[in-house]
Structure formats: structure tokens, C-alpha cells
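Below, chain A is the first sequence line, B the second, and so on; all start at residue 1. Computed over heavy atoms, backbone and side chain alike; hydrogens, waters and symmetry mates excluded.
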Number of protein chains: 2
Amino acid sequence: MTTKTQTVCRGRPCAFNKEETLGKALELFWRNGYEGTSLSDLTKVMGINKPSLYSAFGNKEQLFLQAIDLYEKRPDAFFYPAMEQKTAYLVVQSMLRGAADRMANADHPQGCVTVHGALSCSEASATVKDALVKRRLDGQQALQKRFEQAQQDGDLPQHVDAAILSRYIGTVLQGMSVQANNGASTEDLYAVADMVLQNFPKA
Amino acid sequence: MTTKTQTVCRGRPCAFNKEETLGKALELFWRNGYEGTSLSDLTKVMGINKPSLYSAFGNKEQLFLQAIDLYEKRPDAFFYPAMEQKTAYLVVQSMLRGAADRMANADHPQGCVTVHGALSCSEASATVKDALVKRRLDGQQALQKRFEQAQQDGDLPQHVDAAILSRYIGTVLQGMSVQANNGASTEDLYAVADMVLQNFPKA
DNA sequence: TTAATTTTGTACTGATCGGTAAAATTGATG
DNA sequence: CATCAATTTTACCGATCAGTACAAAATTAA
């Protein structure tokens, strides 16, 4: 158990910044998927050798899971932060526009790594696939809870089924991830987002 | 160039039905993706040896592309057939309900192989990924043309942007594929489809 | 029967896969 | 300076990857 910044430790100090290195792994997994990324690719991009990678992150699978953790916590994550908007409409607006901005951003791979990381894979990688499915379902459920809260707050009509609405928004977000993979621009995705927002149930 | 049924040929006859065998390859690619499927997996499920596979289908990449061709032409394909409905609304209704039915059908892998086959992959498989992107864009463009026809027919309002509407529907369909991968049932997907249909622009 | 032709099963190729053993290197501690 | 602990580099492991050489088997044509 090593802490990220160098704790006062004996022995040779770690020559790389763990979080920064993990970010490079994330970028690679994001672009090429879990099975499309090899350890040689990883060590090359991360700038470390395999034994360093294994001692710092465990193995390929654990490295991936840690990269996904970083993905959801990184500064320009948009999903969970959007949940803090004041009304259901504003939550969805922030979420869809955030998705349009980020998913087609050329500074990093297109789409969402939670969708692209391991949508289909061999049975050997089932653990990773299941972890991503769980992330997606967790996000959807959190959104459902947010909609239920909005109904209590009075900014989302009572007749709306929060489970179905959150599934619908989740569907659009995941579809936008595929669209970004198709080469859709932020502008293209904004148009889709607006279409959803125009029909969003009003209080 | 061998034709599918046995042409009158010299030499030892082919011991397997090419299209049927291709169907088994499709099922495997569909479930595990292009890179998640190995030649050993393929030969095992197809019931043939590697030299037979190579002489009949070329190589792994060409086998995949032929499997995708089969996918779009198989009896329970839903996308292009839906295009023949009489109005834009009916086209979309048929498309979304067909997707809900087929994508969560337990008789075969969930979702759409055009989305799941190679969403992310190593650069070595870029050809396959690009082929799938092209399929998705082709489908979306065909839908756009259908919407433009509907506007001429008078069953879709003129003010609607056919390009944006087709992108929106494509987004939902692709999102439904991910939802099916998450374990969503046909019922779940129907609810999403209904949500889209309720807000679909009326003539 | 024999020759020609095609597919079959077996066994193999070099390359790469994820993962690790072992020794050299680095730095803090005494 | 010597000791100890951790990380580094180098080299390797068995397994699997996609793809193929080759000869036995099966069929038609002569």
C-alpha cells in the first residue's frame, strides 16, 4: 500500500508520478479498449517497465479498474457533477451538453470510456466488462434518484416514471458515445441534445 | 470464387455449408467482438479446421466482414426493412420496436453487432472498426433520405431538420444497443422507444 | 484404374500475449 | 562508509495469437 505522493519511505524512490502515469494508461484504454491495449503499448506510453507497472498497479485488469476510477474523478467529468443542478431539466441540460462537449473533444479519445472500454470482449475479460456495466447502471440509478428528488421538489411532474426517464437519458448518452466514435462533432451532438431537451417533461 | 451451394466441381467436396458456418462465426463475433474472438474459438464453434476457414473465407478480417454482411441480410434484420413503412412515424416506430425486440432477444447475443463488433480496438484492427463506422453512417444517411422523402410526401413537417432527426434516432438505436448489453429487457427498451415516439414530430 | 483436383486433418511457424525471476541501481538510515 | 529496503532494468516464462506447409483423403475425369 503506497500512497500517491512519496511517503517518507526507505529504499529507492519511485521514479514516476503514479496518478499522471495512470492518466496515460487511461488515455490508451479509452482509445483502444481493454483488450485492444497491450502491456507493451501501456509501458511504452506510461514510460515505465512492466515490473514497475505490476508493483504499482497490480496487473492489467486492476490497472484498468483504477484508470476507470480516475476517469470518473477527473476534473472534466460531467455526469455526476451535473446531478447538482437545481432542477431535473437543468441536470439533464448540463449532462447532455457536457457529454456533447467532452465526447467529441479532440484533446482525448472520443466517446466515454465506460461505454468504449469493453463493450464486447472475450470471456477472459468478463470481470472488466461486468465492472463497466455496473458503472453504467450505477449512474443510471443515481439519475433516477435525482429525478425522484426533483418530483419531491416539484420541478418534475409526478406522472413521469423516473426509472424510464433515467433509462431514456442513459440511452441517449450512451448513443452519443457511439456517435462520437462515428466522428460526430460537438455541434452535431449539441443538436441531438437540444432535441431531447425540447421534449423534456416540464413542471 | 466458390458459389455457396456446391457447384459441379472436381476434387473433394466441401464438407460444410458455408452460410450456416458463417452464421456461427457471426454469433461469436456478435457476442465477443472482433478482437475478443480468436481463431481457435471460431474453428471450434464453426466445426471446421483453420485451413478450411482460410480457404473458404480468406482470413479473420474478411470472415468478419462477411459475417456482418450476413447480419444485415438475415431474416430478422429490422433496420432497412423498417424503411419501407408508409410514413416517417411508422418507419421510426417499426425501427425502435424492432430494435427493442431483437436487441434483447435471448436467442442470440444482445445488442447490435454493428455497434458491439469493434467499437474500440487496437490499431491493427482499424480496418474492421472503420467498416463498422461506415455501416452505421450509411444507415443513418439512408434514414435521413427516408425522412426527406417523408417531407415530400407530407407526413413529416417541413421545419424538421432531417439530418438532425436521423442522427437523433441513430443515437437512440445505438444507445439501445448498449442498454441491451447492460441487461435491459425488451420491455425496458419498449418504454424507451415509446418515449421517443411520443415526442416524434407529427405532420 | 489412373490421373487430376480440391479439401481435409495434423503439425508447425514466428510474433506477441500477460506476467515474473533475478540482479543491478538508488537512496535513506545507522 | 556499510546496511537495508525499495525500485529499477534485463531477460526470460509458458500460453496463445493469426496464419500456413504438407501430406492424406475424397471426389471427378479420363
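Atom C1' of nucleotide D:dT20 and atom CG of B:N59 are separated by 13 Å, given to the nearest angstrom. Look at CG on A:L63: it is 11 Å from P on C:dG18, rounded to the nearest Å. At whole-Å resolution of the value, CE in A:M46 and C1' in D:dT8 are 15 Å apart. We find that CZ of B:R10 is positioned 11 Å from P of D:dT28, with the value rounded to whole Å. Regarding B:F57, its CZ atom lies at a distance of 16 Å from the C1' atom of D:dG19, rounded to whole Å. Atom NZ in A:K18 sits about 15 Å away from atom P in D:dA6, given to the nearest Å. Here C:dT20 presents its P atom at 7 Å from OH of A:Y54, a figure rounded to the nearest Å. If you take CG of B:N17 and C1' of C:dT7, they are 16 Å apart, rounded to a whole angstrom.
Between A:D130 and A:K134 there is no salt bridge, since none of the side-chain N atoms of the basic residue sits less than 4.0 Å from a carboxylate O of the acidic one. The pair A:D194-A:R97 meets the salt-bridge criterion, with a side-chain N (NZ, NE, NH1 or NH2) lying under 4.0 Å from an Asp/Glu carboxylate O.
Taking 4.0 angstrom as the limit, B:N49 places a side-chain polar atom (N or O) nearer than this to OP1 or OP2 of C:dG9.
Listed for the A:S177 side chain is a donor-acceptor partner under 3.5 Å among the backbone atoms of A:C112. Side-chain atoms of A:Q85 do not come within 3.5 Å of backbone N or O of A:S94 as any donor-acceptor pair. A donor-acceptor contact shorter than 3.5 Å is absent between the side chain of A:E61 and the backbone of A:T127. The backbone N or O of B:L132 lies less than 3.5 Å from no partner atom in the side chain of B:T114, so there is not a single donor-acceptor pair. Between the side chain of A:W30 and the main chain of A:G111, a donor-acceptor pair closer than 3.5 Å is present.
Among residues two or more places apart in sequence or in another chain, the salt bridge (Lys or Arg N to Asp or Glu O under 4.0 Å) test is passed with B:R12 by none.
Of the two residues contacting DNA chain C, namely A:P51 and A:Y34, the nearest-nucleotide position lying further toward the 5' end is that of A:Y34. Summary of the strand contacts: B:G11 and B:G47 both lie near DNA chain C, and taking for each the nucleotide with the nearest heavy atom, the more 5' one is attributed to B:G11.
Picking from C:dG9, D:dT9, C:dT20 the nucleotide with the shortest atom distance to the side chain of A:K50 gives C:dT20. Among D:dT27, C:dT8, D:dT8, the nucleotide with an atom closest to any side-chain atom of A:A15 is D:dT8.
Using modelled atom types, one finds no donor on one side chain facing an acceptor on the other under 3.5 Å when comparing B:S52 with B:N49.
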Quick test: give all pairs of protein nitrogen or oxygen and nucleotides 23-25 of chain C nitrogen or oxygen below 3.5 Å, distance rounded to 0.1 Å.
| residue | atom | partner | partner atom | Å |
| --- | --- | --- | --- | --- |
| C:dT25 | O2 | A:R12 | NH1 | 2.9 |

Polar pairs (N or O, both sides) under 3.5 Å between protein and nucleotides 13-17 of chain D?
| residue | atom | partner | partner atom | Å |
| --- | --- | --- | --- | --- |
| D:dC17 | OP1 | B:S38 | OG | 3.3 |
| D:dC17 | OP2 | B:S40 | OG | 3.0 |

